[in-house]
2 protein chains.
Amino acid sequence: VKNIPVLSGYPEWLPEQRIVEQRILDTIRRKFELSGFTSIETRSVERLDVLLQKGQTNREVYVLRRLHAGEEEENKNLGLVYDLTVPFSRYVGQFRGQLTFPFKRYQMQKVWRGERPQEGRYREFCQADADVVAEGALPLSFDMEMGALLHDVLSSLPIPPVRILINNRKVLDGACRALDVEDVPRVLRNLDKLDKLGEGAVRRMLLDDAGLRESQTGTLLELARIRTPDASFADRVRALGLAHPLLDAGIAELTRVMDSLAATGSVTADLHIARGFDYYTGTVYEGVMTGHEAAGAVCAGGRYDDLIGSGFVTLPGVGISIGVSRILGRLFAQNALTADRRCPTCVLVALAAEAARHDVEAVARALRTRGISTEVHHEPGKYDRQIRYAERKGIPYVWFTDGNQVRDIRSGVQAAADPATWMPPEEDLVPQVRRGR
Amino acid sequence: VKNIPVLSGYPEWLPEQRIVEQRILDTIRRKFELSGFTSIETRSVERLDVLLQKGQTNREVYVLRRLHAGEEEENKNLGLVYDLTVPFSRYVGQFRGQLTFPFKRYQMQKVWRGERPQEGRYREFCQADADVVAEGALPLSFDMEMGALLHDVLSSLPIPPVRILINNRKVLDGACRALDVEDVPRVLRNLDKLDKLGEGAVRRMLLDDAGLRESQTGTLLELARIRTPDASFADRVRALGLAHPLLDAGIAELTRVMDSLAATGSVTADLHIARGFDYYTGTVYEGVMTGHEAAGAVCAGGRYDDLIGSGFVTLPGVGISIGVSRILGRLFAQNALTADRRCPTCVLVALAAEAARHDVEAVARALRTRGISTEVHHEPGKYDRQIRYAERKGIPYVWFTDGNQVRDIRSGVQAAADPATWMPPEEDLVPQVRRGR
């Protein structure tokens with residue numbers, strides 16, 4: 001490739017950044033599995049009618065065609081997935097008879113959106129999702145469990161604290177109905193932009209775009225401004241004097257969720273949160289990194305009672321999604337997260353001469369057998385050059401087979417060692433992830 | 001989704017199968033990292049001119065377009081990657097100044113090919129690749145190292161033994177030149193199909209399709225029939241009486257590689273192997289599972305001296321690729337590989353009544369803190385029902401908080417236990433992968 005094409009919106013990490021990403025994915029996986037969530041992977045493509053159901057027609061979907069597709073070939077209309085919830089719901093419908101419910105699963109995969117690339121918005125990115133889906137009723141205790149899991153996972157990552165904002169669609173929906181608002185989805189989308197566009201802009205959108213009256217707009221903005229660290233939001237909503245059974249149901253659910261999670265100190269009931277996907281029907285979550293609010297939501301999720309259906313039955317679900325690429329893109333751009341090596345290697349075995357290769361390979365094998373990542377220098381030559389190779393890659397130790405000496409090349413300290421027993425300090429065994437600034 | 005679309009060629013695994021896949025990917029990753037290979041991920045899309053370079057025009061590439069692409073939008077001509085070597089070579093060219101050479105990396109990602117789906121041929125599948133690329137010369141010792149790594153990785157997986165077939169393009173190429181063959185790539189492609197189509201069919205292809213003379217065809221088929229477990233192939237090639245410097249170079253290289261790997265007992269010098277990709281220039285590898293030869297190659301690789309270029313320099317590389325999806329698809333179809341659970345959960349904590357939830361959650365937390373995957377039953381109810389839920393998911397233990405008793409539900413043995421100290425036997429801590437038949 002003489003002329004290398006750079007494509008914006010398709011992030012790729014350097015090896016030392018990928019080590020950070022691996023550590024984060026490993027930690028998320030570990031936490032999900034400790035809570036009994038099982039891994040699945042869904043295919044990257046779905047039929048367009050699946051992708052565009054539930055009014056997702058405004059999504060920027062990538063459509064596929066085969067390069068050598070013949071004229072006669074049936075147009076299958078396949079597109080790349082833009083989230084993991086829609087393919088998951090199709091998977092549950094398809095394999096329902098072979099799954100055990102409530103089905104708790106996680107997925108860590110790429111998704112694609114043909115949006116205009118900008119900071120924090122990618123065309124290909126990695127999400128880590130966990131969801132639970134039930135046959136019949138899905139107890140509200142799962143809304144609490146998913147919120148607690150989100151807090152547990154995020155607080156175990158080497159990233160700034162994440163504040164989790166929680167709302168319930170029934171609160172917004174019920175308030176709209178109490179106010180006789182007609183186009184509820186449009187109003188919810190407008191309110192959801194309060195943080196991004198500010199109150200003046202949202203007020204104008206509600207009046208001009210959604211066609212609300214001044215009084216409706218005023219009440220909805222008052223509702224959307226409510227933010228409390230506990231269940232005290234409920235009194236402030238009731239003070240607005242709105243009456244609708246759906247509103248009451250939403251207040252009751254959100255109260256129970258906030259009562260259960262307030263002790264974490266990481267959650268806020270924030271009544272403007274609606275989330276962009278139309279499939280949410282109850283609890284909604286969203287998270288922002290402290291000090292990085294401009295990066296937007298780094299996690300999100302919610303309850304969807306009507307997304308998954310097969311025949312006459314629908315399966316309710318609730319889930320969370322962590323925007324791994326968005327978190328990393330932000331922190332990498334600010335040099336706020338790095339690894340102390342650009343490879344997994346702990347020991348480089350120096351190769352003095354081609355004749356020594358047999359001994360050198362034996363040392364490498366002995367170290368690897370005991371879990372120590374080891375490279376053999378690729379060609380014989382001066383030790384100085386081989387040590388410089390280790391330095392450039394961040395490899396902490398160089399092993400010399402003549403006399404079995406191992407040198408910590410950071411300190412220069414060298415000592416005799418036996419390849420059958422020597423172990424590095426634990427912090428040198430694998431690369432360490434470090435938070436900057 | 002009322003009418004669930006089934007797409008052939010896009011394999012998806014059930015949870016208990018995904019656990020097997022995870023174990024296999026974890027093992028491959030562990031082996032790659034122990035040898036100092038570092039992880040990268042490349043984007044799933046490349047420009048078509050990158051995908052179709054080096055004569056790869058016969059590949060079935062999926063082309064992307066945005067659903068809402070405007071008329072005025074520049075056609076970027078992006079396609080999904082069909083292997084990991086081409087995007088890797090683009091990555092190395094693009095980030096060359098930020099990498100340390102020889103650059104040893106691995107990737108475990110999805111690739112896409114728009115081929116007709118059939119057993120073992122998928123349209124979306126997972127590959128695990130390891131490659132090393134040098135600036136300047138890449139010593140032949142890496143061809144041996146990659147062969148040894150391939151053997152090491154494959155023999156550590158819970159799959160049937162894999163026989164690794166090795167050849168060198170220079171042997172085939174040099175023999176063709178010694179015989180004054182004109183369209184060498186076509187002849188190599190024909191010879192590569194010897195196992196699949198048989199000698200009669202290949203003979204006809206060489207005569208009719210490639211236009212060879214009877215004597216050329218006879219000599220090439222004699223060459224292609226040579227299979228030896230060591231470097232003794234060389235004498236048999238020399239007995240054919242062909243003379244060309246490239247042939248001599250190929251024999252010398254393959255001799256050194258076979259001398260280095262013969263002791264594994266897993267390799268065969270097999271002179272018909274050419275591999276389909278035109279970018280290979282030296283050593284080529286291919287592997288088949290014993291007893292599953294009909295499944296075709298489950299791993300492959302080789303040396304490519306001219307694929308990666310930037311300006312006037314080309315960077316030589318050598319790599320291996322393991323067809324994870326093809327291996328799993330074959331073994332799953334024959335029920336030859338399973339996990340003993342369909343979730344990671346080791347302990348289900350029973351929930352007698354809603355009032356007990358606080359105690360139950362405390363036990364779950366204590367167990368998780370010590371690395372034991374734990375679920376809380378989602379709703380209070382009869383213990384019998386809760387035990388049946390555990391049975392269906394393969395969870396081995398149920399914990400009762402009244403009196404802190406833990407029951408092995410396979411044996412029915414129940415005993416008092418402390419959530420702060422109790423540990424299951426090691427084989428119960430995580431799901432076990434079992435080989436059938």
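Keep in mind that what you see is a predicted model, and the values were worked out from it rather than measured. Within every chain, numbering begins at 1; the chains are lettered A, B, ... in the order of the sequence lines, protein sequences first and strands thereafter.
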Heavy-atom pairs under 4.5 Å with chain A are the metric here; pick the option from [options] that has the most.
options: B:Thr345, B:Thr100, B:Leu348, B:Val376; value: B:Thr100
options: B:Glu354, B:Arg105, B:Lys104; value: B:Lys104
options: B:Ser373, B:Ala148, B:Pro431; value: B:Ser373
options: B:Cys126, B:Gly114, B:Ser39, B:Gly371; value: B:Ser39
options: B:Pro139, B:Pro11, B:Ser141, B:Gly79; value: B:Ser141
options: B:Val45, B:Val430, B:Ile19; value: B:Val45

Taking the side chain as C-beta and beyond, is there a heavy-atom pair between [X] and [Y] under 4.5 Å?
X: A:Glu33; Y: B:Gln22; answer: yes
X: B:Leu64; Y: A:Leu64; answer: yes
X: A:Tyr10; Y: B:Leu78; answer: yes
X: A:Tyr389; Y: B:Pro102; answer: yes
X: B:Arg65; Y: A:Arg65; answer: no

Identify which part of [X] has an atom lying under 4.5 Å from any heavy atom of chain A, answering side chain, backbone, both or neither.
X: B:Arg30; answer: side chain
X: B:Ser35; answer: both
X: B:Phe142; answer: side chain
X: B:Glu145; answer: neither
X: B:Phe32; answer: neither
X: B:Glu41; answer: both

State the [atom1]-[atom2] distance between [X] and [Y], to the nearest 0.5 angstrom.
X: B:Leu80; Y: A:Trp112; atom1: CG; atom2: CH2; result: 7.5 Å
X: A:Glu46; Y: B:Leu7; atom1: CD; atom2: CG; result: 7.0 Å
X: A:Glu16; Y: B:Leu99; atom1: CD; atom2: CG; result: 8.0 Å
X: B:Arg18; Y: A:Gln107; atom1: CZ; atom2: CD; result: 9.0 Å
X: A:Lys393; Y: B:Phe103; atom1: NZ; atom2: CZ; result: 8.0 Å
X: A:Leu138; Y: B:His378; atom1: CG; atom2: NE2; result: 9.0 Å

Quick one: does any side-chain atom of [X] pair with a main-chain N or O of [Y] as donor and acceptor, under 3.5 Å?
X: B:Glu12; Y: A:Arg43; value: yes
X: A:Glu124; Y: B:Ser44; value: yes
X: B:Arg342; Y: A:Gln98; value: yes

For residues [X] and [Y], report the shortest heavy-atom separation together with the two atoms involved.
X: A:Leu14; Y: B:Phe95; answer: CD2-CD2, 3.9 Å
X: B:Gly36; Y: A:Cys343; answer: O-CB, 4.4 Å
X: B:Asp26; Y: A:Arg29; answer: OD2-NH2, 2.8 Å

**Study point:** Side-chain ion pair, B:Asp152 and A:Arg368, N-O less than 4.0 Å
**Key:** no

Study note, to complete from the structure: One option among A:Arg341, A:Arg357, A:Glu21 has the most heavy-atom pairs under 4.5 Å with chain B, and it is A:Arg357

Point to revise | Which atoms of A:Phe101 approach chain B - backbone, side chain, both or neither, heavy atom under 4.5 Å | key: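 It is the backbone, since no side chain atom gets that close.
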
Exercise for review: Heavy-atom distances under 4.5 Å only: say whether A:Tyr106 touches chain B with side chain, backbone, both or neither.
Suggested key: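 For A:Tyr106, the contact with chain B is made by the side chain alone.
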
